[in-house]
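Down below is the structure, laid out as structure tokens.
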Amino acid sequence: MPKKIDQKVKERCVRQVLEHLPEYPSLTAAAESVARREGVGKESVRRWVVQAQVDGGQRQGATSEELAEIKELKARVRRLEEDNEVLRRASIFFAGELDPRNR
């Protein structure tokens, strides 16, 4: 299970990468440098920066709010599918109980 990283650390990493991005040949190189200093994974930092750019409108993609809504809707769909499966099985069971040929 991934460890929870403090929101302040995330924000500091994103800010540092964005401030020093022109000094590096790529976003990955900047993220790697900041990640080493902060003691977190370079890919995590890179993903935080990309998401911050999406949220800020500088990059295309789903914003954090949209991703949270999608996650919530997927969970809701999963629960409804489970409920439907229970109801389907119950109806099959009770239909068999009510069938006069089974008496």
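All heavy atoms count here, side chains included; hydrogens, waters and symmetry mates do not.
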Discussion item. Under the rule for side chain to side chain contact (heavy atoms under 4.5 Å, CB included), what residues qualify as partners of Ala68, not counting sequence neighbours?
Written reply: none
Practice prompt. Quick one: list whatever passes salt bridge (Lys or Arg N to Asp or Glu O under 4.0 Å) with Arg47, sequence neighbours left out.
Written response: none
Response to the item:
Note: with side-chain heavy atoms under 4.5 Å as the link, the other cluster members for Phe93 come out as Phe94
Worksheet item: In the single-linkage hydrophobic clustering (I, L, V, M, F, W, Y; side-chain heavy atoms under 4.5 Å), do Tyr24 and Val50 co-cluster?
Response: no
Item to complete: Can you tell me which residue pairs pass the salt bridge (charged side-chain N to carboxylate O under 4.0 Å, His left out) test with a partner in residues 67-78, sequence neighbours excluded?
Response: none
Worksheet item: Which residue pairs pass the salt bridge (charged side-chain N to carboxylate O under 4.0 Å, His left out) test when at least one of the two sits in residues 12-30, sequence neighbours left out?
Response: Arg12-Glu38, Arg15-Glu19
Fill in: Residue list, salt bridge (Lys or Arg N to Asp or Glu O under 4.0 Å) with Glu66, at least two apart or on another chain
none
Discussion item. For Gln58, I'd like to know if atom CD has over 12 heavy atoms of other residues, nucleotides or ligands within 6.0 Å.
Written reply: yes
Discussion item. Please determine whether residues Val9 and Val49 belong to a single hydrophobic cluster, defined as Ile, Leu, Val, Met, Phe, Trp and Tyr linked transitively by side-chain heavy-atom distances below 4.5 Å.
Written reply: yes
Worksheet item: Who passes side chain to side chain contact (heavy atoms under 4.5 Å, CB included) against Ala35, sequence neighbours left out?
Response: Val40, Lys42, Val45
Worksheet item: With sequence neighbours left out, what residues match Glu11 under salt bridge (Lys or Arg N to Asp or Glu O under 4.0 Å)?
Response: none
Worksheet item: What pairs of residues pass the salt bridge (charged side-chain N to carboxylate O under 4.0 Å, His left out) test when at least one of them lies in residues 52-62, not counting sequence neighbours?
Response: none
Worksheet item: Yes or no on side-chain contact (heavy atoms from CB on, under 4.5 Å) for Val14 and Val34, after CA distance, side-chain angles and deciding distance?
Response: CA-CA 9 Å; Val14 169; Val34 170; over 6 Å; no
Worksheet item: Atom CH2 in Trp48, atom CD in Glu43: separation rounded to 0.5 Å?
Response: 11.0 Å
Practice prompt. Look up atom SG in Cys13 and atom CD1 in Ile5, then write down how far apart they are to the nearest 0.5 Å.
Written response: 8.0 Å
Practice prompt. State the CG-CD1 distance between Leu87 and Ile92, to the nearest 0.5 angstrom.
Written response: 11.0 Å
Item to complete: For Arg88, enumerate each residue passing the salt bridge (Lys or Arg N to Asp or Glu O under 4.0 Å) test, keeping only those at least two apart in sequence or located in another chain.
Response: Glu85
Practice prompt. Tell me, please, which residues at least two apart from Ser91 pass side chain to side chain contact (heavy atoms under 4.5 Å, CB included).
Written response: none
Practice prompt. Output yes when a side-chain donor or acceptor of Gln51 lies under 3.5 Å from a complementary backbone atom of Ala62, and no otherwise.
Written response: yes
Fill in: Short N-O contact, Glu82 and Arg79, less than 4.0 angstrom
no
